[in-house]
Every structure is written in C-alpha cells, then in structure tokens.
Amino acid sequence: MLFTTLGFLVFFALTYLVYWSVPGRAKLYTLLIASIGFYAVWSIPFALHFLAMVGFTYFMVRRLLALPDGRRRNLTLGFTVAVNLTNLFLFKYFYLLLTALHDATDATVFTAKAFNLWLENRIGYPEITLPLAISFYTFQLIAFAVDAHRRQTQTNIEPLKFFVFILAFPQLVAGPILRYPDFYPQLDAATIRPREDYIRKGMFLLLLGLIKKVVIADNMIAPINQIYAAPEEYSAWTHIVAAAAFSCRVFCDFSGYTDVARGIGYLLGFHFPDNFQAPFLRTSLRELWQGWHITLTTWMRDYIYIPLGGNRRSPARNYFNQILTFTLVGAWHGANYTYIMWGFIHGVALALERLFSGWLGLGAKRGADDFSPLDAQAQAPARAFVGRVGRAALALVQGTAVFGVFAVGAIYFNSANLGVAHTIIARIFTLAAGERSPMIDFLLGMIALTLFFNWLQTKRDVKLPPRWLQYVLLTLFGLLTVALLGRYAPGAQDYIYFQF
C-alpha cells in the first residue's frame with residue numbers, strides 16, 4: 001500500500017480509530033496486527049517469511065543474551081548475522097552473482113534466463129522475487145543482534161515490543177532504520193498517549209511529505225526518464241540539468257516518504273528519527289552525508305566502518321575503510337554494477353576530500369557567526385563586509401562543487417547500466433551538442449523548489465507562533481496541499497526506495 005493512495009488513507013483511518021480506542025498494551029497489539037496486514041497486502045507468503053526471520057532473530061538473541069562472554073556467544077552472533085545476510089543475498093544479490101560469473105566465464109549456464117528456466121521447471125516460480133523492505137528490515141535485525149552482543153539492549157526483551165519495533169508499518173518499507181535502544185523506551189504502553197504537539201507535528205509532516213512526493217518527485221519522473229532513455233540525443237546542458245534534477249527527485253521522494261512516516265509516527269504517539277537534514281546546502285561531502293539518509297550512513301559507520309578500524313589505523317587503511325564502506329552502501333541500494341560504482345565514487349571522493357581538506361579548506365565546520373558582523377575593533381566595516389561576502393562566495397562555490405559530485409554519482413544511480421552512465425558523463429565533459437529537452441525549465445523550477453525545502457530543514461530553532469495561529473496555518477496548509485494534489489498529482493507512483 002502506497003502512502004499516497006486512497007486505500008492507505010482508509011487503512012490508516014481505521015487503524016488510528018481502533019488504536020486510540022483501546023487501552024494499554026492493546027495499542028501495541030493493534031499496531032502489530034495492522035503492520036502484518038499492511039505487509040500481507042503485498043504478499044502473504046513473504047509476510048510469513050518476514051515473520052519467520054523476525055522470530056528466528058528474536059530467538060537467537062534471547063539465547064545470545066543468556067550466554068557469558070566467550071566463543072559460544074560470538075558464534076551465536078555470527079550465525080544470526082550470517083543467516084540474515086544469506087537471506088538478503090539469495091533474494092537480492094543472486095542475479096548479480098550470476099552476472100559476474102557470466103561476465104567472467106561467458107558461460108550461458110550463468111545467465112538469468114537459464115537459471116529462471118531451471119527455477120520454473122523445478123519449483124514452479126519464474127524468477128526470484130525481491131521481498132518488500134528486505135534491505136531495511138535485515139539491517140534492523142542485524143543491528144539488534146550486534147547491539148545485544150555489545151550488551152547495549154535490555155536483557156529481558158518482550159516479544160510483543162520486539163515484533164512491533166521491526167514491523168511498525170510507518171517505517172517498515174523504507175525506513176528510517178530504527179535502533180532498538182532508541183525506540184524500545186517508547187513502546188511502554190503506559191506512556192503512549194495522544195500529545196497535542198505530536199498531532200500538530202504529525203499533520204504538518206504528512207502534508208509536507210505528500211507535496212514533496214506527489215507534486216515534485218512524481219512529476220519529475222517522466223522528463224528525466226525520457227532523457228536517460230536516449231542519452232546520445234541530448235546536449236551536455238540537458239544532461240547536467242537532468243543529473244541535478246534526478247538528485248532532487250530522490251531527495252523529494254525519499255525525504256517525502258520519511259516525512260510521511262514520521263508524521264504517522266507522531267500521530268500514533270512515537271518519535272522516529274529524521275533521515276535528512278538539508279544535505280544539498282552543505283559545503284563538504286562529509287557534511288552532505290551527515291545530512292543524507294542519516295539512519296543508513298550511521299548504521300554503516302557503527303556496524304561496518306568502525307569495526308573495520310575506522311580512522312584509528314594508518315592513513316592508507318583509513319581511506320580503504322572509507323571507500324569499502326561506501327562501496328557497500330552502493331551495493332546495499334541494489335544488485336547492479338551502477339549502484340556499486342555510485343558508492344565507490346562517493347567513497348573515493350570522500351577519501352580525496354579528507355586527504356586535501358587542509359589545503360582546500362573543505363570539511364571544516366561553519367561556526368554560528370560565519371555570516372554575522374565581525375568585531376568592529378578588529379576590522380573596519382568595509383573589510384568586515386568583504387569578509388562576509390568572501391566567505392559567502394566561498395561557501396557557494398564549495399556547495400556547488402559538492403552538489404556537482406553528488407549529481408555525477410546520481411548519473412550512475414539512475415542509469416540502466418554502466419554504458420548509459422558513461423555515455424551521459426562523456427557528453428557532459430565534452431560539452432556535446434544535441435537536443436535541448438523542452439522540460440528543462442520545468443526541471444530547473446523543481447530544482448529550485450528542492451533547494452527551498454533543504455533551506456526549510458535548516459530552520460529548526462524558529463520560534464513558533466501562538467497555538468491558535470498554528471492551527472490556522474496548518475488548516476491553510478492542508479487546503480493548499482489538497483489543491484496541489486488535485487491539480488498536479490500524476491497518478492500513484494512507487495517510492496523510489498521501495499525497490500531496495
């Protein structure tokens with residue numbers, strides 16, 4: 001069920017009414033049943049498979065917590081993680097393995113067609129289907145097991161709370177990736193209650209997320225896909241705009257989903273972590289990734305980068321750890337060479353930025369007074385003005401360069417294969433002539449709107465108006481959202497991260 005469909009609206013309205021009508025722990029049971037139903041609408045067999053993986057991990061972690069430190073405990077963790085990763089690999093990466101074997105050997109037995117024919121003859125299924133949300137729930141299960149091994153979770157884990165933690169439908173399909181130590185305290189039935197501030201926040205985020213997703217992201221799909229379908233026909237300028245526009249489309253699509261998920265969470269009495277914090281207004285790649293898909297990048301940092309040694313080893317090993325981690329981030333997004341290349345590019349770019357940060361002045365944290373007047377006794381007003389303008393110009397140049405690197409990576413992310421990506425990049429860097437898409441001006445407008453939404457995410461400490469005015473503004477915003485959806489909705493489109 002898409003958040004943007006009438007079916008989901010009916011589902012959530014019924015769930016919401018029952019949820020707040022029942023007492024205590026019945027709320028958690030209501031949320032669990034609704035979440036299982038939410039997933040089962042897509043596939044009942046995969047819903048049962050999902051429940052089996054959750055049950056297996058719960059059982060193994062209970063055993064792990066009962067063991068003293070030592071070899072058996074480590075083996076229990078290793079087995080739990082291995083089963084979850086094997087499950088992910090078989091469904092998501094098996095065809096990539098076949099492609100790699102075929103590319104290496106040129107043997108027809110390693111083609112997807114040959115394997116699918118064998119699969120249909122032996123089992124009756126035409127191909128391996130990717131279960132919905134498998135990447136997200138696998139990472140949550142692994143993090144839970146590792147945190148338990150590190151003794152960062154409670155020793156008495158209630159099965160009801162654990163299943164709700166994994167299955168809660170607002171974040172089930174595309175995150176944000178929850179951490180059990182952060183979310184567990186919110187599952188105390190005695191403390192779950194409707195809060196007026198949560199309701200206002202929830203409604204605002206719901207409306208904002210719908211505008212980002214339906215009005216902006218969905219309307220960008222057709223013109224971008226048209227350009228990528230025939231890259232050799234379009235000019236360098238068209239491809240530059242399309243690459244930037246696709247970056248913005250992903251932001252609006254995914255941050256829009258996160259806004260809706262967090263909004264639903266607030267309406268149900270929960271706080272989910274934010275996943276985006278103005279990434280396109282950052283002046284270094286490191287800062288960009290601190291504001292982009294935050295729950296994934298922090299997961300990779302805590303469970304891959306730091307265990308590899310993080311930045312505690314030699315400089316060469318540190319750079320290797322960073323490149324490997326981001327290559328794995330790329331692989332997490334999909335079983336395609338293009339995603340792996342996307343992650344590798346960002347890993348290399350981050351390593352180079354770190355290597356040259358002292359010389360280039362990148363990666364430094366901006367102080368709160370960077371654009372405020374300097375001490376009048378230290379500099380004359382004219383020099384202070386020049387200093388502010390100079391820093392603003394430098395920030396603009398750095399921000400443009402950082403966004404440019406991200407957009408180049410996005411070319412790989414959106415390309416069907418490496419050949420398409422290399423064609424587009426070659427046409428950009430050779431300033432190739434070609435057709436100018438008639439939708440360029442529209443895409444430039446959407447890019448400007450996306451930057452506006454990034455700017456809004458920097459306004460976290462704004463003083464709120466009186467409560468009555470908040471309700472008035474929220475009502476007007478709701479009417480505006482309905483009008484925009486009625487005028488510009490192109491039809492229900494999947495969220496881009498549903499495929500991961």
Please step through side chain to side chain contact (heavy atoms under 4.5 Å, CB included) for the pair Leu268 and Phe12, ending with a clear verdict. CA-CA 10 Å; Leu268 295 175; Phe12 178 65; 4.3 Å; yes

Taking C-beta and beyond as the side chain, do Thr475 and Val472 meet within less than 4.5 Å on heavy atoms? no

Check against ring-ring contact (aromatic ring centres under 6.0 Å, His included), Phe276 and Phe254: CA-CA 9 Å; Phe276 293 87; Phe254 195 18; 5.3 Å; yes

Let me confirm one number: the NZ-CG distance from Lys113 to Leu98, rounded to the nearest 0.5 Å. 15.0 Å

All heavy atoms of Trp342 vs all of Gly409, minimum pair found to be CD1-O, 2.9 Å

Does NZ or CZ of Lys213 come closer than 6.0 Å to the centre of the six-membered ring of Tyr257, within 45° of the ring's axis? no

Should the ring pair Phe8 and Phe11 be called parallel, tilted or perpendicular, given that the plane angle runs from 0 to 90° and is split at 30 and 60? tilted

On a heavy-atom basis, the closest approach of Ala407 and Ala243 is O-CB, 3.8 Å

Please report the shortest heavy-atom distance between Ile424 and Pro231, naming the atom on each side. CG1-CB, 3.5 Å

Counting heavy atoms not belonging to Phe320, are there more than 12 under 6.0 Å from its CZ? no

Flag side-chain contact, heavy atom, 4.5 Å: His271 against Tyr198: yes

Nearest 0.5 angstrom please: Ile294 CD1 to Asp274 CG, how far? 5.5 Å

Contact check, side chains of Cys248 and Met446, non-hydrogen atoms, under 4.5 Å: no

Given Ser284 and Leu288, is the side chain to side chain contact (heavy atoms under 4.5 Å, CB included) satisfied, shown in steps? CA-CA 6 Å; Ser284 73; Leu288 184 151; over 6 Å; no

Do other residues, nucleotides or ligands put more than 12 heavy atoms under 6.0 Å from the CZ atom of Phe344? no

Which pair of heavy atoms, one from Leu167 and one from Gln171, lies closest together, and at what distance? C-NE2, 4.3 Å

Find out whether Ile211 and Leu207 are in side-chain contact, i.e. whether some heavy atom of one side chain is under 4.5 Å from a heavy atom of the other. no

How many angstroms lie between atom CG of Asn321 and atom OG1 of Thr325, to the nearest 0.5 angstrom? 6.0 Å

Under 3.5 Å donor-acceptor, Arg262 side chain and Phe272 backbone: yes

Is a side-chain donor or acceptor of Asn318 paired with a backbone partner of Arg313 at a separation under 3.5 angstrom? yes

For the ring-ring contact (aromatic ring centres under 6.0 Å, His included) test, which of Phe251, Trp455, Phe452, Phe453 pairs with Phe280? Phe251

Is a donor from one side chain sitting under 3.5 angstrom from an acceptor on the other, for Ser235 and Thr238? yes

Which of parallel (below 30°), tilted (30 to 60°) and perpendicular (above 60°) describes Phe326 and Trp289? perpendicular

Parallel, tilted or perpendicular: rings of His333 and His293 (30°, 60°): perpendicular

Arg487 (side chain) donor-acceptor with Val482 (main chain) under 3.5 angstrom: no

Main-chain N/O of Arg286 paired to Glu353 side chain as donor or acceptor, under 3.5 Å: yes

Are Asp147 and Arg179 close enough, and set up right, to give a salt bridge (Lys or Arg N to Asp or Glu O under 4.0 Å), and what steps lead you there? CA-CA 9 Å; Asp147 287 344; Arg179 302 285 186 90; 5.2 Å; no

Whether the His346 and Tyr412 side chains hold a donor-acceptor pair (N or O, under 3.5 Å, no angle test) is what I'd like checked. no

Apply side chain to side chain contact (heavy atoms under 4.5 Å, CB included) to the pair Lys212 and Ser255, showing each step before the final yes or no. CA-CA 8 Å; Lys212 286 181 181 178; Ser255 73; 3.3 Å; yes

Is there a donor-acceptor pair under 3.5 Å between the side chain of Thr295 and the backbone N or O of Pro176? no

Can you find a side-chain donor-acceptor pair between Asp103 and Tyr337 that sits under 3.5 Å? yes

Let me confirm one number: the CG-CG distance from Asn414 to Asn225, rounded to the nearest 0.5 Å. 6.5 Å

Taking the six-membered ring for Trp, are His49 and Phe46 parallel (under 30°), tilted (30 to 60°) or perpendicular (over 60°)? perpendicular

Apply side chain to side chain contact (heavy atoms under 4.5 Å, CB included) to residues Met300 and Phe139 and explain how you reach the verdict. CA-CA 10 Å; Met300 301 297 283; Phe139 273 25; 3.8 Å; yes

Using a 4.5 Å cut-off on heavy atoms from C-beta on, say whether the side chain of Leu480 contacts that of Leu476. no

In the structure I gave you, are the side-chain heavy atoms of Val250 and Trp292 within less than 4.5 Å of one another anywhere? yes

Among Trp299, Tyr93, Phe136, find the one that has a ring-ring contact (aromatic ring centres under 6.0 Å, His included) with Trp332. Phe136

Are any non-hydrogen side-chain atoms of Phe115 and Ile128 less than 4.5 angstrom apart? yes

Without swapping roles, check the side chain of Thr458 against the backbone of Asn454 for a donor-acceptor pair under 3.5 Å. no

Using the six-membered ring wherever Trp is involved, compare the ring planes of Phe169 and Phe38 and label them parallel, tilted or perpendicular (cut-offs 30° and 60°). tilted

Between the side chain of Asn219 and the main-chain N/O of Val214, is any donor-acceptor distance below 3.5 Å? yes

Glu233 CD to Glu435 CD distance, which is reported to the nearest 0.5 Å: 6.5 Å

With distance as the sole criterion, is a donor-acceptor pair present between the side chains of Thr138 and Asn84 under 3.5 Å? no

Interatomic distance, CD1@Ile221 vs CD1@Ile216, rounded to 0.5 Å, equals 12.5 Å

Does Tyr137 have its ring centroid less than 6.0 Å away from the ring centroid of Phe50? yes

When every non-hydrogen atom of Ala245 is compared with those of Met220, the smallest separation belongs to O-CE, 3.0 Å

Which heavy atom of Ala349 sits nearest a heavy atom of Leu285, and at what distance? CB-CD1, 3.4 Å

Determine, stepwise, if the pair Asp441 / Arg436 fulfils salt bridge (Lys or Arg N to Asp or Glu O under 4.0 Å). CA-CA 10 Å; Asp441 293 338; Arg436 182 186 188 275; 3.3 Å; yes

With a 4.5 Å heavy-atom cut-off, do Pro465 and Leu473 have their side chains touching? yes

Check for a donor-acceptor pair, side chain of Tyr266 on one end and backbone N or O of Leu205 on the other, with a separation under 3.5 Å. no

Check whether Asn336 reaches the backbone of Tyr339 with its side chain - one donor and one acceptor, N or O, closer than 3.5 Å. no

State whether the side chain of Arg312 and the backbone N or O of Ile306 hold a donor-acceptor pair below 3.5 Å, judged by distance alone. yes

